[in-house]
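Reviewing the structure listed below.
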Amino acid sequence: MTALFSDQTVLIVEKNLEELEQLRQILSAMGFRKIEVASSVNMAASLLAEVQVDLCFLVYDLGRDEKNGLQVLQQLKAAGRPSYATCFLLVVEPQKLSLLMGSPDLSADGYLAKPYDQLKLRAQLEKQLRIKRCIAQVERFRDQRAWDQALEECERLQKQFPALGVLIFRIKGLIYLEQQQYQKALAVFERIRQAHDKPWVHVALGLTAYDMTDYQRARREMTQVIEEQQVCQEAFLIMARIHWLSGERSQCVTLLRKAVMLQPTMPVLQGELGNRAAFSEELSVAADGFRQAVQHARHTALQNPEYYFGLVRVIQQLIADKPDRTAEFIAEAIRVLESVVHDCMDDPQIRFRARLIAAEIYRQNGEHQNADFAAGDALAQFCKIPLNAQLSVVDLLADGLESTRFAVQAAELKQEVSRSMPSVEWGKSNLKGMLSFRQKAMDEAFKSFEQAWLADPGNPGVGLNLLQTGIESLRRQTAQPQIVKRCSEIVNALHYGSLSGKQQQRYQMLSERFGDLIREAEIA
């Protein structure tokens, strides 16, 4: 086995130098020769994206205010580079282990406890590497997103290695989820639950039910996992979204506050809290959520400019609510706007949005010279971005400069750009959808707006059009799961910071109307 170990590349993610050296010496004595080291989650994710690693030790607790070891897997998946072929071992205290078993996909292959025991460690590694060798081909197919070949390999493995039944079924269920074959995924996870009733199975069932718009079932499954005190991002995120979709705004924010107390370094949860609290006008909570999301996502695949813009939009409201802290808030807002431009590599579209908001902030504070300079720069940046992007943000331009000396110029520019809408794919579909909507042809309108959304995902104007059309269709016939699913996607996908003031008002109205429909369906 020593000879086999010598060919393996190992990565140790550990911050404690003494314990790192202890593990390195044990592995060297066992025959490992290629040992890499990372002292942080970001460093480990970067290395794994570039180097093929056979075995990775993830220390869960990397220190106060540091990301935990499991977040390496989250960042790899967010980057579109999951390393299924790597054997991940989580090093965690035994009393914490039972609370970290909730994720069906973002979990380790095995678990270790400190202090390290060389004999036990060898036995664990031999076992885990044998399993990885058995499923190596299916894991390679998963890394390549070759789902059909992976399923065929699963069928072969089930016959050859019946003792790996739960593991192979788990992989099959996750592949069906990737393929959006929800009925098959549900059947697989139900079969696992009957023989292996663990928290991760309930999360998998909840995720599947949520995707099938069976929110009652998803609510039951995720509630059970959360009540078992599982530290699982998926359970909290899905449960919070069900609350939000159902119009249970305060429950949503309360749950997310609990989630970030348990998992403070999770930018997805912090960003979700920022968005939901902002729409609910819990401004201090929203600001803290966005601040944490910016901090923990920066320079990773989870970095999202909407966290920065969401924070600044909330700060704008805080300036009005707490005038005694105006100078402090303005300084923070400008600093955040400078950061988003820097962190997004001076992207012209990001710079346009940043300068537009800066102009608003300066103007609100009576700094008219700075406001005019920022507004002029915003106009200049708008002219630099491609037509497709101009069409996506032209409403922001018109709304942001509406009460300034640039209002006429912005309105003319909006008219000029809007005339080009039929020349881009999503614009043509959006115009077609608006025409069908005016003619009350809701099915045609929904299809057209959906085509526009798929061609330009995240476009606020298109998303709101699609949501409004979907609501009108559901009012006529509630049992349309595909429309419910698409509308749910819109409600969750639109970020507070990406919407103008008028769009925020429209979002509030439409999401409340959609929540009424969801509640009625759940009660029925």
Side-chain angles (χ1 to χ4, degrees), residues 1-41 43-45 47-48 51-63 68-73 76 82-101 103 105-140 142-143 157 160-168 170-171 196 198 200:
M1 201 70 188
T2 300
L4 175 63
F5 286 160
S6 67
D7 294 330
Q8 303 287 308
T9 299
V10 180
L11 171 62
I12 305 172
V13 186
E14 168 68 281
K15 193 154 188 161
N16 185 303
L17 295 180
E18 184 177 332
E19 293 182 343
L20 167 64
E21 187 57 32
Q22 179 193 8
L23 180 56
R24 197 210 299 258
Q25 288 179 4
I26 291 173
L27 294 175
S28 295
M30 291 168 60
F32 288 98
R33 295 291 175 263
K34 305 171 186 176
I35 302 176
E36 302 282 351
V37 173
S39 60
S40 71
V41 167
M43 186 185 301
L47 193 149
L48 285 163
V51 178
Q52 177 58 50
V53 171
D54 301 292
L55 182 62
C56 181
F57 291 85
L58 301 171
V59 174
Y60 181 76
D61 187 357
L62 292 171
N68 67 69
L70 277 178
Q71 289 182 259
V72 171
L73 301 177
L76 286 173
S83 295
Y84 294 115
T86 299
C87 182
F88 289 97
L89 296 176
L90 186 69
V91 181
V92 61
E93 298 170 18
Q95 61 268 30
K96 287 185 179 179
L97 175 57
S98 63
L99 305 179
L100 299 173
M101 305 291 284
S103 177
D105 194 18
L106 301 175
S107 58
D109 298 289
Y111 302 89
L112 301 170
K114 297 178 182 179
Y116 300 109
D117 180 292
Q118 185 167 339
L119 291 178
K120 289 182 179 178
L121 182 58
R122 175 183 285 274
Q124 176 79 328
L125 294 186
E126 289 178 355
K127 174 186 174 183
Q128 292 297 336
L129 290 174
R130 276 199 306 271
I131 292 172
K132 275 294 182 180
R133 284 201 305 276
C134 291
I135 64 172
Q137 186 59 50
V138 73
E139 298 292 54
R140 277 193 287 271
R142 292 179 76 195
D143 276 338
L157 289 172
Q160 187 174 358
F161 302 106
L164 298 179
V166 171
L167 175 59
I168 302 305
R170 180 176 184 160
I171 292 172
H196 188 79
K198 299 293 183 181
W200 73 261

N68 side-chain N/O to Y60 backbone N/O, donor-acceptor pair under 3.5 Å: no

Smallest separation among heavy atoms of G110 and Q128, with atom names: CA-NE2, 3.9 Å

Could I get the full list of side chain to side chain donor-acceptor pair (under 3.5 Å) partners for Q137, not counting sequence neighbours? R140

Rounded to the nearest 0.5 Å, what's the gap from NZ on K34 to CG on D7? Could you check? 6.0 Å

Quick one, L157 with L167, criterion side chain to side chain contact (heavy atoms under 4.5 Å, CB included). Give me CA distance, side-chain angles, the key distance, then yes/no. CA-CA 10 Å; L157 289 172; L167 175 59; over 6 Å; no

Yes or no on side chain to side chain contact (heavy atoms under 4.5 Å, CB included) for I135 and I168, after CA distance, side-chain angles and deciding distance? CA-CA 9 Å; I135 64 172; I168 302 305; 3.9 Å; yes

For the CD atom on Q95, are there more than 12 heavy atoms of other groups (residues, nucleotides or ligands in this structure) within a distance under 6.0 Å? yes

Value rounded to 0.5 Å, distance of CZ in F32 from CG in D54: 9.0 Å

Under a 4.0 Å threshold between the charged nitrogen and the carboxylate oxygen, would K114 count as salt-bridged to D61? no

K132 side chain near T86 side chain, heavy-atom distance below 4.5 Å: no

Would you say the side chain of F5 lies within less than 4.5 Å of the side chain of E126, judging by non-hydrogen atoms? yes

Scan L55, L106, L48 and name whichever one has a side-chain contact (heavy atoms from CB on, under 4.5 Å) with F88. L48

Give a yes or no on whether the backbone of C56 and the side-chain of E36 come within a donor-acceptor separation of less than 3.5 Å. no

What closest approach, in Å, do C134 and L164 show between heavy atoms, and which atom pair accounts for it? CB-CD1, 4.1 Å

Identify the two heavy atoms, one from N16 and one from E19, that lie closest to each other, and give their separation to 0.1 Å. OD1-N, 3.0 Å

Nearest-0.5 Å distance that lies between atom CE in M30 and atom CD1 in I26: 8.5 Å

Can you tell me how far apart CZ (R133) and CG (L129) are? Round to the nearest 0.5 Å. 6.5 Å

Are the side chains of L17 and E21 in touch, meaning some heavy atoms are under 4.5 Å apart? no

Evaluate side chain to side chain contact (heavy atoms under 4.5 Å, CB included) for L90 paired with L58, printing each intermediate quantity in order. CA-CA 5 Å; L90 186 69; L58 301 171; 4.0 Å; yes

Which heavy-atom pair separates Y111 from V92 by the least distance, and what is that distance? CD2-CG1, 4.4 Å

Could you tell me whether the side chain of V37 reaches within less than 4.5 Å of the side chain of R24, counting heavy atoms only? yes

Heavy atoms of D143 and A85 approach each other most closely as OD2-N, 3.3 Å

What are the two closest non-hydrogen atoms of R170 and D105, and how far apart are they? NH2-N, 4.5 Å

Worked verdict on L20 versus V59 for side chain to side chain contact (heavy atoms under 4.5 Å, CB included): CA-CA 10 Å; L20 167 64; V59 174; over 6 Å; no

Interatomic distance, NZ@K127 vs CG@D109, rounded to 0.5 Å, equals 11.5 Å

Got a second to check how far I35's CD1 is from L27's CG, nearest 0.5 Å? 5.0 Å

